[in-house]
Amino acid sequence: MSWFYRGRFSRAPHVTTALPFVSALFLALVWALSHPYEGLIHDAILYAGQALRHLRPDVFGADFFFGNTSQDDYTVFGRGYAFVAGRLGLAFAGASLFALAQIGWLAVSLAWIRTSAPHLALAGVACLLALRYPYAVDGRLEVAESFTTARLLAEPIALFGLLCALRGRHVAAIGAIAVAFVVHPLVALPAVAVAVAVRLSRNFSWRTIVAVACSVIALCGIVAAVLPERVDDAWLQLIEMRSGFAVPSGWTLDGVARWAAVILMLLISASFVSDGFARMLRAVALVAAAGVALSVLAQLLRSAPLMQLQAWRAMWLATWFAPLAVLSAVVSIPAKERALRLRMLAIVPAFALAQFSWLPGLGLVVFLYSVVLGSVVFLRPDLARQGRSGPALAACVAFAGLASIAGGRELAAFASVAGAGDPPDRLLLTLAIRHYGWLAAAGLAWLACRGATATARTRLVTLCILLAGLSVAVVDARPPVARNAQLLGVAAIEAWRRIVPEAAQVFWSDRQRYVWFGLGRASYVSSVQGAGVVFDRATALEAYRRRSVIEPLSLRDGAFTHAPVPWTVAEPRHGVDDLARACSADRRLDFVVLDADLPASIGEPYVEPFSGRAYRLYACANYR
């Protein structure tokens, strides 16, 4: 990072901030605070399960999630994860891979910022590092996640490849993108398309490149129409129920509006930045739009291969580049054109605060603002550079107030759920940092760097000391569920491991993750395993069938959907008849773990320390 230490982020072209080393330390702390480790939650459960599959194929090969086609068949990440886990243990392996990915993310983010916006203020850099970048229509998938997945490692590698392509280092670009491809193909494919588009833009007009993109989409449609694999109504219905964000029929208007706003942000910013970066932004916008169009075509044709390609995931690049592009444009606009600068700058907080996807309308507001600004910039550039800046600031403040109220309601609702007795999937402090950390980081940097250089240096050093202490306290943000997911050493669980045969399939109610990580046995069914519905019809149908088997035992696990099931809704008490009905419905269900005191339980109960629930093990052979 010598390039970074030699440089100086500036508040203005003629005013420098504190010492570069202190600035680097501050930004590293901002990143650490904004990207805490949340452990085995979300898709981290699936990738850890893939590592276990490669470590113990004799045990986890019987798990229905791995029995057919799954994500693990398209990446080497599971094998690499297993290699590290076999030497360090699963928990330490996950944390180590997460730390490695975060270091890569910080380095490549600073490299891109330094390349595209070399005069950006320290506050702007801190804002970019702390922003959330959700790119699925419902915000479920996010760039630079806070848990260990193949995406987390592939994304910075792909961005490094694009940076090499921008700088003309083609061999390094090809190598980096190839590495990203074997780690996560769906993440790397958009980077491949962007690199090709950037290369073509040096010799052809953008009209020609757009025509080529349309021809490629048409060719994909022709090939897909010939291939026999189709998504029938039953399969599509299950995909819509479990992973609606993966197919156009499950997309929301608000989510699509945020996508459109992001693409407009890229195109508008390309009018002001340097020529090389402008080509990159236009290529990213084109690939994102083409990916969305290809996904729509895939559903119209009901083509299984095209739907499994999930070309809409190209939005991850567009989402990450958009705020960087806007701030790069802001510093490129002459200082005398203050009104245009403020109009551009207003998009960034609008983008950040629109990520509260559960509140309809925020994405539409950002889209409409982008349309108006784009219309003025492209049609009447003279008007864009004139006039008062007050309306832009007023619109920005009004939007920020609306979204902040929405975010406050979300945090308040989460706090009430967290106090209901069940361990939540996310910590309240982590949620607050992820939503508002960008604003706090930018504000602190701006306050620290005001005034004389010596004073700013002292403030920034003091701030680094305070942030260092805070980062130690919050960098491990694993919620109770994630901390307790690996139950090695717990007496009750160890006793159960000796009772339950390795070939058995176990169901643990209440969406717990203890079957894979605690008992070390194949999971009969869980909401997490439903993630495979897009990649295999047999997996989708089997997951839904098993869901119906365990529905009498758990309403939460029986819900074949990603829609949030409130933790505050009390589960009905399980009875002997419910257990007998579930066990009789499928003889492949061998053991059940319930928080109910029924006859013929096996061994001592396990008391979950965070909720105080007592879970007991039951053999289905005793209830059939």
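What's counted below: heavy atoms across the whole structure, side chains too, no hydrogens, waters or symmetry copies. Note that the coordinates shown come from a computational prediction; the quantities given were computed from them, not determined experimentally.
For Arg167 and Thr115, the side-chain atoms include at least one donor-acceptor pair closer than 3.5 Å. Using modelled atom types and a 3.5 Å distance limit, the side chains of Gln310 and Arg313 yield a donor-acceptor pair.
With a 4.5 Å cut-off on side-chain heavy atoms, Leu166 and Leu162 do not count as touching. For the pair Leu327/Leu128, a side-chain contact is recorded, criterion being any heavy-atom separation below 4.5 Å from C-beta on.
Judged as a salt bridge (Lys or Arg N to Asp or Glu O under 4.0 Å), not a single pair has a partner in residues 179-194 (not counting sequence neighbours). Judged as a salt bridge (Lys or Arg N to Asp or Glu O under 4.0 Å), not a single pair has a partner in residues 188-209 (not counting sequence neighbours). Sorted by first and then second residue, the salt bridge (Lys or Arg N to Asp or Glu O under 4.0 Å) pairs involving residues 214-232 (not counting sequence neighbours) are Asp232-Arg537. Among pairs with a residue in residues 269-289, those fulfilling salt bridge (Lys or Arg N to Asp or Glu O under 4.0 Å) read Asp275-Arg279, at least two apart in sequence or across chains.
Of the possible polar contacts, one joining the Thr75 side chain to the Phe77 backbone as a donor-acceptor pair under 3.5 Å is found. Panel note: side chain Arg546, backbone Tyr524; a donor-acceptor pair is recorded below 3.5 Å. Of the possible polar contacts, one joining the Gln299 side chain to the Ser249 backbone as a donor-acceptor pair under 3.5 Å is found. Of the possible polar contacts, none joining the Arg169 side chain to the Ala165 backbone as a donor-acceptor pair under 3.5 Å is found. In this structure, Glu155 contributes its side chain and Ala144 its backbone to a donor-acceptor pair below 3.5 Å. Trp251 contributes no side-chain N or O that, together with a main-chain N or O of Val256, makes up a donor-acceptor pair within less than 3.5 Å. Using modelled atom types, one side-chain atom of Arg258 and one backbone atom of Val137 make a donor-acceptor pair closer than 3.5 Å. No donor-acceptor distance shorter than 3.5 angstrom exists from the side chain of Asp590 to the backbone of Val506, with no hydrogens or angles considered. A donor-acceptor pair under 3.5 Å is absent between the side-chain atoms of Ser328 and the main chain of Ala325, judged by distance alone. Looking at Asp254, its side chain does come within 3.5 Å of a backbone N or O of Gly363 through a donor-acceptor pair.
Between Arg302 and Asp233, at least one side-chain nitrogen of the basic residue sits less than 4.0 Å from a carboxylate oxygen of the acidic one, meeting the salt-bridge criterion.
In this structure, Tyr133 and Phe351 have tilted ring planes: the angle between them lies in the 30° to 60° band. Using cut-offs of 30° and 60° for the angle between ring planes, the Trp112 and Trp320 rings count as perpendicular. A tilted orientation is assigned to the rings of Phe277 and Phe321, their planes being inclined by 30° to 60°. The aromatic rings of Phe65 and Trp516 sit tilted relative to each other, their planes meeting at an angle between 30° and 60°. Ring geometry for Phe245 versus Trp312: interplanar angle over 60°, hence perpendicular rather than tilted (30 to 60°).
Partners of Asp586 by salt bridge (charged side-chain N to carboxylate O under 4.0 Å, His left out), not counting sequence neighbours, listed by chain and number: Arg545, Arg588. For Ser215, there are no side chain to side chain donor-acceptor pair (under 3.5 Å) partners, not counting sequence neighbours. Applying the side chain to side chain donor-acceptor pair (under 3.5 Å) rule to Asn203 yields no partners; only residues at least two apart in sequence or on another chain are considered. With sequence neighbours excluded, no residue forms a side chain to side chain donor-acceptor pair (under 3.5 Å) with Ser303. Scanning for salt bridge (charged side-chain N to carboxylate O under 4.0 Å, His left out) contacts around Glu502 gives Arg56, with sequence neighbours left out. Contacts of Ser523 classified as side chain to side chain donor-acceptor pair (under 3.5 Å), with partners at least two apart in sequence or in another chain: Gln529. Under the salt bridge (charged side-chain N to carboxylate O under 4.0 Å, His left out) criterion, Arg151 pairs with Asp43, Glu145, sequence neighbours left out.
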task: Apply side-chain contact (heavy atoms from CB on, under 4.5 Å) to the pair Ile113 and Leu129, showing each step before the final yes or no.
output: CA-CA 10 Å; Ile113 294 170; Leu129 295 182; 4.2 Å; yes
task: Kindly determine whether Tyr81 and Leu90 satisfy side-chain contact (heavy atoms from CB on, under 4.5 Å), including the steps that lead there.
output: CA-CA 8 Å; Tyr81 199 165; Leu90 188 64; 4.0 Å; yes
field: Pair Thr252-Asp138, side-chain contact (heavy atoms from CB on, under 4.5 Å): steps then yes or no
entry: CA-CA 8 Å; Thr252 63; Asp138 62 351; 6.0 Å; no
Please list every donor-acceptor pair under 3.5 Å in which a side-chain atom of residues 181-188 meets a protein atom from a residue at least two apart or in another chain.
unit_1: His184; atom_1: ND1; unit_2: Leu186; atom_2: N; d: 3.4
unit_1: His184; atom_1: ND1; unit_2: Val187; atom_2: N; d: 3.4

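Phe98 pairs with exactly one of Tyr47, Tyr37, Trp105 by the ring pair (Phe, Tyr, Trp, His ring centres under 6.0 Å) rule, that one being Tyr37.
Closest approach of Ala197 to Trp206, counting heavy atoms only: O-CH2, 4.4 Å.
Distance check, rounded to the nearest 0.5 Å: CG of Leu324 to CG of Leu281 gives 7.5 Å.
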